[in-house]
Every structure is written in structure tokens, then in C-alpha cells.
There are 2 protein chains.
Amino acid sequence: MTAQRRVVAEVLDGEHVHLTADEVHARAVAKLPEISRATVYNTLGELVSLGEVIEVSTDKRAKRYDPNAHRPHHHLVCAQCGAIRDVHPTGNPLSDLPDSERFGFTVSDVEVTYRGLCPNCAAA
Amino acid sequence: MTAQRRVVAEVLDGEHVHLTADEVHARAVAKLPEISRATVYNTLGELVSLGEVIEVSTDKRAKRYDPNAHRPHHHLVCAQCGAIRDVHPTGNPLSDLPDSERFGFTVSDVEVTYRGLCPNCAAA
DNA sequence: ATCCTACATTGGACTAAGTCCAAGTCAAGG
DNA sequence: CCTTGACTTGGACTTAGTCCAATGTAGGAT
């Protein structure tokens, strides 16, 4: 556990947000100016493998990193401004997929993304 | 409706697959050698706005284009080799999202991605 | 306390995917 | 036949991310 890794972990711990790798890097630099982008990518990759952080691809551009990995949840995204909220739907989508629709796959995970307009963008 | 647009539409009509923009371009070039990448992107963008084609971001790298836009469906992706199948789960995830979890959003769409291993990769 | 070694970090080059734009082309109407 | 406007082209540019060789460092062994 090096200083760099601690800083990256701190950035994600701080508030519960969904940051891109570049945003994580920017905030990490604020705490430890000489940290490099490569290290941020490495560390994020490790956190993901450890299951501490989830990669979310709600955005077409960049992956986002969600530190709220321990409580299963899904995402609600504003199609206009890109705002993201964590949501907890009832029911388990995995049980909605009958065997006949699994094509022999071993299905282990499901990711649900709701899209719509946030109150702000809907008003505008 | 120009020759270029017809070719792009044909490429997507042919078989029911999930192609990246580059794959679409490659196949379009086979039919109309002088077609440019920019035109393919433009045309794909228009098809998406028209609702003829769906953008799928199952892959971390490139967007994929799914011509099966008229029958609502979701996707099952192999975490290893990236194979994609269309699936039709029972139930409607939209109804699984209570008002209290909508944060004032106008929710209009939901995208479900199942992940797992395809028979091939599971065997290996 | 010092040395070693393995691993972490750095920075810069590189790639992939996509966007943007100025200039060229083409078809249709006048 | 000329003009107009939309479509297309190709290349430069941007963004996100990966790779790699060189350097630095933490912590165990001595």
C-alpha cells in the first residue's frame, strides 16, 4: 500500500460520486502532485479486480468508477446532462431471464441502466 | 437517400449482428470502395436518431449498432470473448423502479446487460 | 543499519474510437 | 447551363486509455 494508492482510494472514499478516470486523476494530483495518470489507471484497475469499486459505462465517452460496490445497485442517468444517481429497484432481473434465453451461458451478473431526464433538464 | 446511405443500411440489414462502427465501415467499403468513415458515422448517427438502429455499449471499447430496434430486447454478453446475444427477459424492469427511487426523473428507457461466460469460454 | 530485490511509479509514446471542418461533388430546379 | 444546398470526403484533431523502458522505493534479509 503506497502513498499513491492511498490517495486514489481516498479520492473515491470521500464522497459517493461517479468519477471518470481523469477526474480521479485530477483530484489525486491535488493531494499528491507528482502522481501519474498511468498509476491512477493501474490502481483503479486493481480496485476493480478487488471488487472495491465498480466500473460503470453509462457514459459513452469515459468509464466511471463507483465506490459503492458493496451494496448492489443500478443507475439512473439523465440523457441530457449526464447526471447519475444510484437506484435500488425491487426484484432481481436475473430471475427474469429464463433458461431458454440463456443460450448455455453461465450468467453471473446484470447491469441495469435507466435513462430519462432529470428534473432540471426536463424543466428546460 | 444516397448510395452511401443505402450501403450502410444494407450492411445492417443483412444479418442480425452487433457491429462496431469500424466493422460497418469495413463491410460498406466492400460494397462501395470510396465510402469514408465520416459518412458511416454520420449515417449511423442518423439511423439512431430515426430509431432504426440502437447503440449498444456492452463493449468497453467501441459502440455497437444493433439493427433489431423494433422488438425491445436486452443483451447477454460473454465477459471473456465478448460474444453478444439478444435476449428477451420476462417482466418489465421499468415497473421495478418505485417512484421513491426516481428522484424526480422522467424515466423513459431501460437497458439491461447480462454478463457471464458463453459455453465455449466456460469450457476452456 | 544497510543492502537487495521485487514491485510500484513515472512520463512519454502509442493506439483506438470518434468528431470536426474546409473543400469538393452531385443532383435538381430555375 | 448555372446556381444552390445538401451530401461526402479525407485528413487533422480530440479523447480515453494502454504500453513500456527507465527510475524509484518499501520492506525483508543479513
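Below, all heavy atoms of this structure are taken into account, side chains as well, without hydrogens, waters or symmetry copies. Naming convention: chains lettered A, B, ... in sequence-line order (proteins, then strands); numbering from 1 in each chain.
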In whole angstrom, what separates [X]'s [atom1] from [N]'s [atom2]?
| X | N | atom1 | atom2 | answer |
| --- | --- | --- | --- | --- |
| B:Lys63 | C:dA16 | NZ | P | 18 Å |
| A:Leu32 | C:dT9 | CG | C1' | 11 Å |
| B:Arg6 | C:dC26 | CZ | P | 15 Å |
| A:Ile35 | D:dT25 | CD1 | C1' | 15 Å |
| B:Arg64 | C:dG18 | CZ | P | 10 Å |
| B:Glu46 | C:dT19 | CD | P | 13 Å |
| A:Asn42 | D:dC19 | CG | P | 10 Å |
| A:Tyr65 | D:dA16 | OH | P | 12 Å |

Pick the nucleotide of DNA chain D nearest each of B:Glu34 and B:Arg61; which residue has the one closer to the 5' end?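 With B:Glu34 and B:Arg61 compared, the 5'-side residue is B:Glu34.
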Side-chain heavy-atom pair A:Phe105, B:Val77 within 4.5 angstrom cut-off: no
What's the closest nucleotide to the side chain of [X] if the choices are [options]?
| X | options | answer |
| --- | --- | --- |
| B:Tyr41 | C:dT10, D:dG17, C:dA17 | C:dA17 |
| B:Arg5 | C:dG18, C:dT10, D:dT8 | D:dT8 |
| B:Gln4 | C:dG18, C:dA17, D:dT9 | D:dT9 |
| A:Ala38 | C:dT9, D:dC19, D:dG17 | D:dC19 |
| A:Thr2 | D:dC7, C:dA17, C:dT9 | C:dT9 |

Is any side-chain nitrogen or oxygen of A:Thr39 closer than 4.0 Å to OP1 or OP2 of C:dA8? no
For D:dT18, take OP1 and OP2 only and decide whether either is under 4.0 Å from a side-chain N or O of A:Arg37.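 For A:Arg37, the contact criterion (side-chain N or O under 4.0 Å from OP1 or OP2 of D:dT18) is not met.
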Does a salt bridge link A:Glu10 with A:Arg27, judged by any charged N lying under 4.0 Å from a carboxylate O? no
Shortest non-hydrogen contact from B:His25 to B:Ile35?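 Result for this residue pair: NE2-O, 3.3 Å.
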If you round to the nearest 0.5 Å, how far is CG of B:Leu117 from OG1 of A:Thr106? 5.5 Å
B:Asp86 and B:His18: side chain donor to acceptor below 3.5 Å: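 A donor-acceptor contact under 3.5 Å links the two side chains.
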